[in-house]
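Here the structure comes first, spelled out in structure tokens, and everything after it is commentary.
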Number of protein chains: 2
Amino acid sequence: MDPMLAIAHKLKTAESVLLFPHINMDGDALGSSIALCLALRQLGKNCSILIEDDIPEYLAFLNKGYCIRNAEQIPDMSVAVDCGDVSRIDRRKEIFYSAAATACIDHHLLHADFAQDCLVDSAAAATGMLVFQLLEEMGIQFTQEIADALYVAIMTDTGSFRYSNADRRTHLIIARLYEYGLDHVPLCNAIYDNVPLTQVKLEAKAMDNMEIFANGRACIAHSTLEMIEAAGATPDQTENIIDRLRSIRDVEIAIFLKEKPDGNYKASFRAKSYADVGTLAYRLGGGGHRKAAGCTVAAPLEEAMRILMNAAEEELNR
Amino acid sequence: MDPMLAIAHKLKTAESVLLFPHINMDGDALGSSIALCLALRQLGKNCSILIEDDIPEYLAFLNKGYCIRNAEQIPDMSVAVDCGDVSRIDRRKEIFYSAAATACIDHHLLHADFAQDCLVDSAAAATGMLVFQLLEEMGIQFTQEIADALYVAIMTDTGSFRYSNADRRTHLIIARLYEYGLDHVPLCNAIYDNVPLTQVKLEAKAMDNMEIFANGRACIAHSTLEMIEAAGATPDQTENIIDRLRSIRDVEIAIFLKEKPDGNYKASFRAKSYADVGTLAYRLGGGGHRKAAGCTVAAPLEEAMRILMNAAEEELNR
């Protein structure tokens, strides 16, 4: 049976459903879960989103009482949302598998089936695209709130439609969401135009110490605990700096170093087209993907910079 | 007669056409002009884009020999593209009006008709949307190059579909462009991941002089000719600063001031949700849209800042 039809059927039969977005949830995991939760509540189901870690600050506005931290009862059905692997529902595994019916809706490339019914389409730009289709299949009445949640899911996972996963289908679904009352402006404002002033100041300071090396093919910048304190910022406010470094012309490898509370440095790497920073990070005891990776360097700033710059030069000369 | 039909008819009759994007051209002006130029060349017309200033560096990849600086002959038809006012084809006015037929295709709010046929729709997210419809009306065979040019026009003018002008129609047209072979990834890389180092340095300096006012609801930053020179940058490399200012939490009005060669200042405004910077700019002798507008202030920096800060406070208190 087609997994979409199987999941639609089981959801209609279930009286209580728990949804499981992945840990370190992003816009797709939370937005897709909220859209599905709203749809199931519309059908009169007892439905909540079970989480085990915090909702990121930039997404908190989406949660209007849908998320719970402790399940009150064993659900009839459990649905993992945007999870490629069971490790991503880590501390919720037991309650997930306690349900009579289990399902997974996901679009990750390396997906391990871990539920009875898996609706997985790695060609979908976002899990939100699959939830849209599922809700259509189920004959749900789309509301503005459902449309808004799906927009956040799809827009964030495609980098505002810029990443290579965005396609014709993505834009067609977004057009449909407008028919259901989507108002994207407050959503984009909440997510993108809501950068704390402290973060703007911290970014400016970090960009100011940026160094270009390897004949312009690599760059490195850093933040220290002192810089974060001076800006009145929080440690997670360094988040966007690595992408700013990556966006510089001719830069193939971007490196951002961030001092940790123990005085060591966390290094983030990005590669633009041909370099493999996954291997680079692995050689330094870290890991990741070819284009995005990281490691920890147990050394003071100058030495950490020297180690990383040498490793990057080596990768570029391979 | 419907201006779209009138322009389509006259373009089909003309043998030579000159296109006039506005001065300080942006992605919409250039992308729309290129799409129209390609379409007219497809019909066997002698068509070029007449420009009077430089193509911004981040858009230079789009121009494959379409732009000329001197008209060789009087065209049968002149078309102003994305121009709300004749002042925006400034030094090309004479050649514009030398044509037997003149037209204007635009989506600006405060638009002054200055041609025989004006296809103006301020509800359109970009002039590229109107050009798309015009080319459909004319029965043009859309190629990937036309689709790519229209994508740049629409994507840049909607801020990657985030601005309030983006709507259902925008996404439907983008979906259509994929059918014609649109490949958005190299376009987004060329525009967004190709920031010159000099621009990064200039942005850092401008962000450093940023001031927050009106109880955090507005901010202002500036670049001087000296700053641009010190960074080794070009004047168009200030382009992204206004969006960075707009993205700050609680900021409703963002203002960026840029010293011009004559020592006066060009002011750019952005509003986030409720303010109307179009009216604000209009009162100061400029123009634009509710959420994005600009004007020129003939005053030294401190006085220009005072004038603009007062105007912004006034708009916020309306």
Side-chain angles (χ1 to χ4, degrees), chain A residues 58 151 155 158-180 182-201 203-210 212 216 219 240 243-251 270 272-273, chain B residues 57-58 155 158-179 182-189 191-201 203-208 210 212 216 219 240 243-252 254 270 272-273 291:
Chain A
Y58 74 99
Y151 181 83
M155 188 264 292
T158 57
S160 267
F161 313 103
R162 287 183 197 167
Y163 299 163
S164 59
N165 56 355
D167 59 10
R168 175 174 167 274
R169 204 156 54 118
T170 315
H171 288 276
L172 282 178
I173 287 182
I174 298 297
R176 294 286 302 281
L177 297 179
Y178 282 102
E179 291 169 26
Y180 301 130
L182 164 64
D183 185 5
H184 73 276
V185 175
L187 305 173
C188 292
N189 283 347
I191 292 174
Y192 293 108
D193 297 326
N194 196 18
V195 184
L197 187 56
T198 51
Q199 181 169 336
V200 173
K201 288 181 176 167
E203 282 179 7
K205 292 297 173 207
M207 291 305 287
D208 205 45
N209 66 45
M210 186 256 298
I212 295 279
C219 69
N240 297 331
D243 283 324
R244 296 269 296 286
L245 296 171
R246 179 188 173 281
S247 75
I248 298 172
R249 177 174 300 172
D250 300 329
V251 162
R270 293 289 184 279
K272 201 178 276 175
S273 54
Chain B
E57 209 187 342
Y58 74 99
M155 188 264 290
T158 57
S160 270
F161 313 102
R162 288 181 197 168
Y163 298 163
S164 60
N165 57 356
D167 58 9
R168 175 174 166 274
R169 205 154 57 116
T170 315
H171 288 276
L172 283 179
I173 286 181
I174 298 296
R176 294 285 303 283
L177 296 180
Y178 283 103
E179 291 170 25
L182 165 64
D183 184 5
H184 72 276
V185 175
L187 304 174
C188 291
N189 282 345
I191 291 174
Y192 294 107
D193 295 328
N194 196 18
V195 186
L197 184 58
T198 51
Q199 180 169 340
V200 173
K201 289 182 175 165
E203 282 179 8
K205 291 298 172 204
M207 291 305 287
D208 207 45
M210 186 255 298
I212 295 279
C219 68
N240 297 332
D243 285 322
R244 296 270 295 287
L245 296 171
R246 180 184 174 282
S247 75
I248 297 171
R249 180 174 295 175
D250 300 329
V251 163
E252 173 60 28
R270 293 290 183 277
K272 202 178 276 177
S273 53
K291 299 295 168 225

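Here the structure is a predicted model, which is why all the values come from computation and not from measurement. Basis for what follows: all heavy atoms, side chains included, without hydrogens, waters or symmetry-related copies.
- With chain A as partner, the option from B/Leu172, B/Leu197, B/Val185 having the largest number of non-hydrogen pairs under 4.5 angstrom is B/Leu197.
- With chain B as partner, the option from A/His184, A/Glu179, A/Lys272 having the largest number of non-hydrogen pairs under 4.5 angstrom is A/His184.
- Taking CD1 of B/Ile174 as the reference point, atom CZ of A/Phe161 lies at 10.0 Å (rounded to 0.5 Å).
- Residue A/Ser247 holds its OG atom at 6.0 Å from CG of B/Asp193, rounded to the nearest 0.5 Å.
- Here the CZ atom belonging to B/Arg249 is positioned 7.5 Å from the OG1 atom belonging to A/Thr198, to the nearest 0.5 angstrom.
- No part of A/Leu187 comes within reach of chain B, as not one of its non-hydrogen atoms sits under 4.5 angstrom from that chain.
- Contact annotation for B/Arg244: only side-chain heavy atoms (C-beta onward) come within less than 4.5 Å of a heavy atom of chain A.
- Per-residue heavy-atom pair counts under 4.5 Å with chain B were compared for A/Cys188, A/Gly159, A/Pro186, A/Ser160, and the maximum is reached by A/Ser160.
- Using the six-membered ring where Trp is involved, A/Tyr178 and A/Tyr151 have ring planes that are perpendicular, over 60° apart on the 30 and 60° scheme.
- Rounding to the nearest 0.5 Å places CG of A/Leu177 at 12.5 Å from CG of A/Asp183.
- Counting heavy-atom neighbours within 6.0 Å of B/Lys291 NZ, excluding the residue itself, gives a total above 12.
- If you measure heavy-atom distances from A/Ala166 to chain B, the contacts under 4.5 Å come from both the backbone and the side chain.
- Comparing A/Lys201, A/Arg168, A/Arg246, A/Met155 by heavy-atom pairs within less than 4.5 Å of chain B, the highest count is held by A/Arg168.
- Ranked by heavy-atom pairs under 4.5 Å with chain B, the list A/Asn189, A/Asp208, A/Asp250 is led by A/Asn189.
- Proximity to chain B (any heavy atom under 4.5 Å) is shown, for A/Tyr58, by neither the backbone nor the side chain.
- If you tally non-hydrogen atom pairs under 4.5 Å between each of A/Pro196, A/Ala204, A/Ala190 and chain B, the highest count goes to A/Pro196.
- Looking only at atom types and distance, the side chain of B/Asp243 has a donor-acceptor partner in the side chain of B/Tyr163 under 3.5 Å away.
- Looking at B/Ile212, only its side chain comes within 4.5 Å of chain A, counting heavy atoms on both sides.
- Between B/Glu252 and B/Ser273 the shortest heavy-atom distance is OE2-N, 2.8 Å.
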